[in-house]
Amino acid sequence: MPKRQKMAKRLHVLRAKSNNKILILQQMKKIVKKHPLAIRWFHWINFPVLAIMIWSGLLIYWANDIYRLGWGNTTVLKFFPDSFNKALNIPFRLAEGMSLHFVFMWLFAINGFVYVAYLFFSGEWKLIFPNKKALKESWQVILHDLHIINNLPPQKKYNAAQRIAYTGVILMGFGSIVTGIAIYKPVQFKTICALLGGYEWARIEHFTLTILFALFFVLHIVQVVLAGWNNFRGIVAGFEVVTVTPLPPNVNEIIEDQDQ
Amino acid sequence: MGNNNEKIVSSKEIRNKTLLAFAIFFLLIIGALFGWRWINNQPQDNGIPTPLRAVLNGNENLFSNYIYSPDNSSKAYSPADAVPRVRVNGDAGLGDDFDAAAWKLQVVRKPGDTLFLSLDEIKALPKTEVIFDFKCIEGWSQITHWSGVKFSDFVNKYQLTNQSTMNYVGLNTPDKKYYVGIDTRSILHPQTLLCYEMNGKPLPMNQGYPLRLIIPVKYGIKHLKRIGTIFFSNTKPKDYWYERGYDYYSGL
């Protein structure tokens, strides 16, 4: 930020028309409510629970770790390299992984369903679900975040790219539950299992969704770090702080608004 | 402005609100970490911490009493779908000192009243084929082809209907080194077999010759190879993998 602009953040010099007097006004801070308490709870319950689901999922997956990216005999990426398993002490913990997975699945599913119900009943869904302009605007958001263009389209709580990402992650959670049910009880829920392409496909889909969650997590953390403290405070304390310059009542017209 | 979602406040108030929120946030983090430690430090119940075991038992109760239906069967395949080379995944209970000629199936009707049956007597019952996707708890599966006697036919033939009103059936290998417990509902499922053939031939030794259990509504760990003894019980019979931290029910 240039020095001139920094100064302007602290002081504005306003000249009023009525008496030609120069008024020096200090800027004031305003708190703007951002995330309702309920959403903050859902978010911070989900974080450790999803982490445990992914961790226990790794312990389970290890027992039959057959997936890879590649073709024929060429493997670009093995899920997962031995060094990865070794570093995280994953091998031979299938029973532990299953016990955690089939306990914490309840918290993951319940928290997720209550969250979605809350979105509907509170009207928060209007701020999260993509609107008509979402596709076009999300492209502008991406170009903006990559510093290719300067201006963002006007937004409410979330920009178009966030709307798509956050709605996508809800769908991913739903997908994880459905594919998970298909693997967990493939005989009792054989219709779900068949619709997903059968038992082995359901396992591949469940795994792929987990990888997508991990990628979402990385992107989310990068964006949170870039967005800074005020934004992070929003998901903990619920509000953001915005700086404003209120006008005294005797000033009815600003002739000049000049940084000093 | 004038919106009740916005309010002008002093820097001090912002600081206090922020500090309060983060204090609560950190307390919750510490609480979660302690909760995690508490779970893992609880006494073990068959290989996993007691609270986890309690939830798994709750899952069993839910799935066996409310979700399980004998009408839900594992998808049936044709013999051509079955793999020629069937994976062998364990040899617990299959000791080398097994005397095949002397083998008889022992069915404990009640304590002190055991029925001894030869393979030929079992084969005399109607033969049922099951070709299904065998699912290992490790996560792999294979379409495999088995034949034998439906457990429910066996129960009817040998008048074990009273015994089969009990909650569980226990099975042991002849050397008692492998053992499973199965809820009676699942063992009476129409696809559950006392199986003596694989791919149309007598079971190989490593698949549990002369008689094994095939129970498609369960993971492979419950498909005990080489049945020595069958008994009925209202309490959970000993289970090899349950003792090693796995879910007792292990139903699909």
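None of these values were measured; they are calculated from a predicted model. In what follows, chains carry the letters A, B, and so on, assigned in the order in which the sequence lines appear, proteins first and then strands, with residues in each chain numbered from 1.
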Top contributor to chain A contacts, counting heavy-atom pairs under 4.5 Å, from [options]:
| options | answer |
| --- | --- |
| D247(B), D133(B), I67(B) | I67(B) |
| S11(B), A54(B), S141(B) | S141(B) |
| G47(B), G139(B), G245(B), C136(B) | G139(B) |
| I39(B), D71(B), L28(B) | L28(B) |
| I48(B), T18(B), L56(B), I29(B) | T18(B) |
| L252(B), V9(B), V217(B) | L252(B) |

Y196(B) six-ring centre to K127(B) NZ/CZ under 6.0 Å and within 45° of normal: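 So K127(B) doesn't make the cation-pi contact.
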Cationic tip of R244(B) above Y240(B) ring, under 6.0 Å, 45° of axis: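 Pair R244(B)/Y240(B) counts as cation-pi.
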Separation of L94(A) CG from S56(A) OG (nearest 0.5 Å):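 Rounded to the nearest 0.5 Å, the OG-CG separation comes out at 11.0 Å.
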Do the non-hydrogen side-chain atoms of M198(B) and H145(B) ever get within less than 4.5 Å of each other?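 No. Closest side-chain heavy atoms not under 4.5 Å.
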Step through it carefully: locate the ring centre of [X], locate the ring centre of [Y], and say whether they are under 6.0 Å apart.
| X | Y | result |
| --- | --- | --- |
| F80(A) | Y61(A) | yes |
| F63(B) | Y249(B) | no |
| W241(B) | Y219(B) | no |
| Y77(B) | F132(B) | no |
| Y115(A) | F42(A) | yes |
| F22(B) | W229(A) | yes |

Would you mind checking which part of [X] comes under 4.5 Å of any heavy atom in chain B, side chain (CB onward), backbone (N, CA, C, O), both or neither?
| X | answer |
| --- | --- |
| R203(A) | side chain |
| Y199(A) | side chain |
| V241(A) | side chain |
| W62(A) | neither |
| E200(A) | side chain |
| K29(A) | both |

Expected output: side-chain N40(B) to main-chain W36(B) donor-acceptor under 3.5 Å: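 Confirmed, N40(B) side chain pairs with W36(B) backbone.
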Tell me, side chain or backbone of [X] under 4.5 Å from chain A's heavy atoms, or both, or neither?
| X | value |
| --- | --- |
| K135(B) | side chain |
| R53(B) | neither |
| P216(B) | backbone |

Residue among P48(A), S99(A), A237(A) with most heavy-atom pairs under 4.5 Å to chain B: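 Most pairs with chain B among the choices: S99(A).
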Selection from I183(A), D65(A), V242(A), I52(A) maximising heavy-atom pairs under 4.5 Å formed with chain B: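 Maximum pair count with chain B is reached by I52(A).
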